[in-house]
Structures are given as structure tokens and as C-alpha cells.
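Step one of this worksheet: look at the structure below.
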Amino acid sequence: MWNFIKWEALQFMNNKKNQAVYIILLLLSLYYAFAVAPNYEPIEKVDRDEMQAAYDTREAFLESVEGRENLHPEVLFAASVFVPWNEVEKRRIDALDEGDFVTYASATAEWYNSMNDLIIQYGENFYYNPLYYSYGNRFAKDDGFYGYGYATSRYQEFAEGNHALSIELFEERTALQTLQRLLTDFLPFVILISCILLTADIVLKDRRNPSLVKGFPIADWKRMFGKGVVAFIGSLVAIFPLSAGLFIIGLREGFGDFTLGVPIYNTDVTIFNFTPNIFSLMPMWEFLLKNLAFLSLWFVALIAVMILLSITVRLEFINIAVGLGILFVEFLYFERAVSPFTDAYWYPTSYVQVGQVISGTRDFLYASELFTVDRGVMLVSGSAAICILLILLITTNKRFSYTK
């Protein structure tokens, strides 16, 4: 069995299609590091000029109403709000000027928290960052609520933790923070697509050289197991060319800190049920390990699907089409804030974006409490188990031959 796995691994690595996949992943990683990452502009960025302009505008208003009587109630209300608002803003500006990042983080956490509270209570008079409202976003208030809560959690952790603070860390530009952001965005798709492409022909290629297969007199189910092991390891190896870009980002922006807290959305909190504790914190190392574990489970499920299709349908383009369909079918039924009207939390395909599941973003987008990591693991592992059982039933049949 071990000799078969070694032989299969050698074929896997010498496969020109597989080599092309690794090269493409490397090029994508380098392109992101040199062309995309430098142009990243977070909504909640550190912009001293913007802070100063906002501070000066409010200060000018306060000076214009100072000492005046018989003011309109809304003017009095604005003045009462602007005084503490500017006090916090001034602390932020002064801390930046002095390079005191701890004080800046503390004041910024207070700023975001108080602003979130203010907008929730008086939403007709105050608004989130205008960028949340771009492109006619119907969920701008929800996204602002999430974004300000996320920023509050991060900056509180910066102020209280023991990290080497920097502007790059505040704006999530470091290598580890970039990886964290990508895991909640498109990176799981890239990794899982590479798994599909690497695995699509791992069984079907033997039909071109059936005589070589007979050189290893082992049961077919053992062959499928060995091929699955090789495909799984090959899929994990695909992570390494992707890490090249992160290394370059780390050299340029800093590598970040494995003990840095990653905000995890509390799913029992909504914009209609505001509480100060919108997010809890998970150490970066734990967040990354959970993502790796969940992606590994997806590798097993997708490889099982590829092998099952290879021994039944026996067409490589069908393997790829079905695999891609599994990854992207959620886009056909996804709709924000529809938790009372959907049972999508029972679909394994709703858990492809593993970073969003672990961070609670899936629950936020669906306005649900049901898209949990445990449910996702149960559904994906259950699907993988069914496919593996079917493979065993088919390959243990005495009349079965996958090379015919």
C-alpha cells in the first residue's frame, strides 16, 4: 500500500496540469502582493486630515452657538453631542501627532463605540461612514453597525493588549491580517478550486495506462483510499505557493501577531437588539487553525465527490463542473437578512466561505443564529461520509473495474 501511495504521489507531482495549477497559484499570490494589496483602502482607515476637518467643523459650530439664547432644541442637542465628541476626537488627533498609538487606540475604541450607540439611538440625525452607503446599499445601516462594532472590538484589544502597534496594524495591512481578511472573502474559493482541479483526473488517468495499474495487486477500495490521501496532501501543498505573496506583504507592511485578537460576531446581537458587546475575540492563531481544519474537511468532501464521480460518470469535465457547482451554487439562493424565510443553514454549500462561518459573518449576512461552525462541520463531514460509503460499496463489488 505504501509503495502504491509513493508511486501515485510521484505521478501526481509529475502531472503537468497539477504543476500548472501550482504555478498559477504562485502567480496569483505574487500579483495580489504587488498589485492589489498596496491599493487596499479600508473603510475605517487612519486619516488624520479627515479627523481634523471633522473636528474643526464641529468646533466652529460650537463657537457659533456659544452664549446664544433661545436656540432651537435640535441645535441644543447637537451642541450637547458635539462637546464630548470633539473631546474624544482631539485625543485621537493629539495621540497621532505624538506617536502614542496606545492612547490613539483607546480613544478610537471609545469613538466608535459612542458613535455606534449614537447612530442607533438617533439614526435620523447621524450616519455611519459615507462609504457604507455607496452603490445604493440597502443594508448600509447594518453594515455600518457591524463595521463600527468590529472597529470598537479591535481598538479595545489594541489598547489593552501587548502588541507592537502601527498604522499598518490599525488598517489591517499586515500579512496575518491580510490572510484573515482574505479568508472571509475569496481565498476559500481559490483554495477549494485548486483542490478540484488537482483531483479531477486522479482516478481517470489510470484508464489511459491500465497495464500500470495491474502492477500493484491491491484492492480497488485501497487504491481509492491511496489516491484520496495523495489528493489531500496535494491540496494542502497548494497553500504554500499562495503563502509567497503573504511573505512579501509581511516584508513590506509587517507580519502581524499570532496573539492578535480576531473579532467574532455575536449572533444574538442585531441592529434591533443593540448591546455594547457586539463582538468577542479569538486569538489569530486559533482563527487560522480553525480555518485550516475546516478547509481540510472540505478537501476530504470534494475529493470524495471527485472520486465517486470518477468511478461512476467517468468524465473529467463532469468532475470539474460538479465540483465548481458545489462551491458556487450558494450564489443562486443567497439573499441577505432572510433567516425567517430560508432553510439554507441545512445546505452544506452554505459553508464554503469558512472564514465567514468562523467569524460569524455568515450569520450576520443572513440575520441568523444558525450558520454555526458545528452545524457546518456536521453537514460537510456527513456529506463526505456518504460519498466515502458509496465509494466503498461500489469498489468492493467483484464486478467493478474502474479502468474499463
Side-chain angles (χ1 to χ4, degrees), residues 25-46 101-102 104-105 108-109 112 146-147 149-192 194 235-265 279-299 353-362 364 373:
L25 290 176
L26 176 61
L27 294 176
L28 285 175
S29 177
L30 295 176
Y31 174 79
Y32 184 87
F34 288 112
V36 180
N39 297 318
Y40 168 66
E41 290 293 336
I43 293 179
E44 305 305 333
K45 57 195 274 187
V46 180
F101 289 151
V102 174
Y104 174 80
T108 301
Y112 277 111
Y146 182 96
Y150 182 91
T152 299
S153 178
R154 287 201 311 120
Y155 278 103
Q156 283 176 342
E157 207 265 342
F158 291 150
E160 299 168 1
N162 185 25
H163 307 293
L165 301 182
S166 65
I167 300 296
E168 290 77 16
L169 197 72
F170 291 154
E171 295 188 343
E172 294 188 300
R173 296 181 184 275
T174 66
L176 289 177
Q177 289 173 303
T178 299
L179 177 58
Q180 173 210 331
R181 287 190 291 104
L182 293 179
L183 283 168
T184 59
D185 195 1
F186 62 84
L187 185 57
F189 289 110
V190 174
I191 294 173
L192 295 178
S194 68
S235 298
L236 286 177
V237 170
I239 295 173
F240 288 97
L242 288 172
S243 64
L246 291 174
F247 181 74
I248 293 169
I249 293 172
L251 293 176
R252 187 175 60 231
E253 309 286 357
F255 288 94
D257 188 343
F258 279 107
T259 63
L260 190 67
V262 176
I264 305 298
Y265 182 70
F279 289 84
S280 58
L281 289 171
M282 179 185 293
M284 179 70 76
W285 63 265
E286 183 179 348
F287 178 79
L288 296 179
L289 281 179
K290 284 187 174 181
N291 274 270
L292 178 60
F294 209 159
L295 284 170
S296 297
L297 181 58
W298 265 110
F299 287 160
Q353 290 178 278
V354 296
Q356 290 192 6
V357 176
I358 294 168
S359 66
T361 308
R362 284 277 93 183
F364 167 73
V373 176

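Counting begins at 1 with the first residue of the sequence.
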- Between F279 and Y150, what is the ring plane arrangement, given parallel below 30°, perpendicular above 60°, and tilted in between?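 Ring orientation of F279 relative to Y150: perpendicular.
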
- Does a sphere of radius 6.0 Å around OH in Y31 hold more than 12 heavy atoms from other residues, nucleotides or ligands, not counting ones at 6.0 Å or beyond?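 Counting other residues, nucleotides and ligands, OH of Y31 stays at 12 neighbours or fewer.
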
- Message: The test is side-chain contact (heavy atoms from CB on, under 4.5 Å); show your working for F158 and L169 and say whether it passes.
- Response: CA-CA 9 Å; F158 291 150; L169 197 72; 3.8 Å; yes

My understanding is that only residues two or more places apart in sequence, or in another chain, count here; which of them pass ring pair (Phe, Tyr, Trp, His ring centres under 6.0 Å) with [X]?
X	answer
F189	F328, F331
F258	none
F364	Y146, Y265

Are [X] and [Y] packed together at the side-chain level, in the sense that at least one heavy-atom pair is separated by less than 4.5 angstrom?
X	Y	result
V262	I264	yes
T259	H163	yes
R173	P42	yes
L292	L288	no
Y32	I249	yes
T178	E172	no
F255	T174	no
L295	L236	no

- Walk me through it: do I167 and Y104 pass the test side-chain contact (heavy atoms from CB on, under 4.5 Å)? CA-CA 11 Å; I167 300 296; Y104 174 80; over 6 Å; no

- Message: Among residues at least two apart in sequence or on other chains, which ones pass salt bridge (Lys or Arg N to Asp or Glu O under 4.0 Å) with E286?
- Response: K290

- Can you list the steps and then say if L297 with V354 is a side-chain contact (heavy atoms from CB on, under 4.5 Å)? CA-CA 10 Å; L297 181 58; V354 296; over 6 Å; no

- Message: Please enumerate all residues that pass side chain to side chain contact (heavy atoms under 4.5 Å, CB included) together with A238, with sequence neighbours excluded.
- Response: Y22, L25, S194, L198

Which heavy atom in [X] sits nearest to a heavy atom in [Y], and how many Å separate them?
X	Y	answer
E168	Q177	O-OE1, 3.8 Å
D257	M284	O-CB, 3.7 Å
L26	A244	CD1-CB, 3.6 Å
A159	A105	N-CB, 3.9 Å
A33	R252	O-NH2, 2.9 Å
L187	L242	CD1-CD1, 4.2 Å

- Message: Strictly by side-chain hydrogen bond (donor to acceptor under 3.5 Å, both in side chains), give each pair with a member in residues 34-44 just once, sequence neighbours left out.
- Response: E41-K45, E44-Y112, E44-Y132

- Stepwise, does the side-chain contact (heavy atoms from CB on, under 4.5 Å) test hold for L176 with L246? CA-CA 8 Å; L176 289 177; L246 291 174; over 6 Å; no

- Gap between atom OG1 of T184 and atom CG of L179 - 0.5 Å precision: 9.5 Å

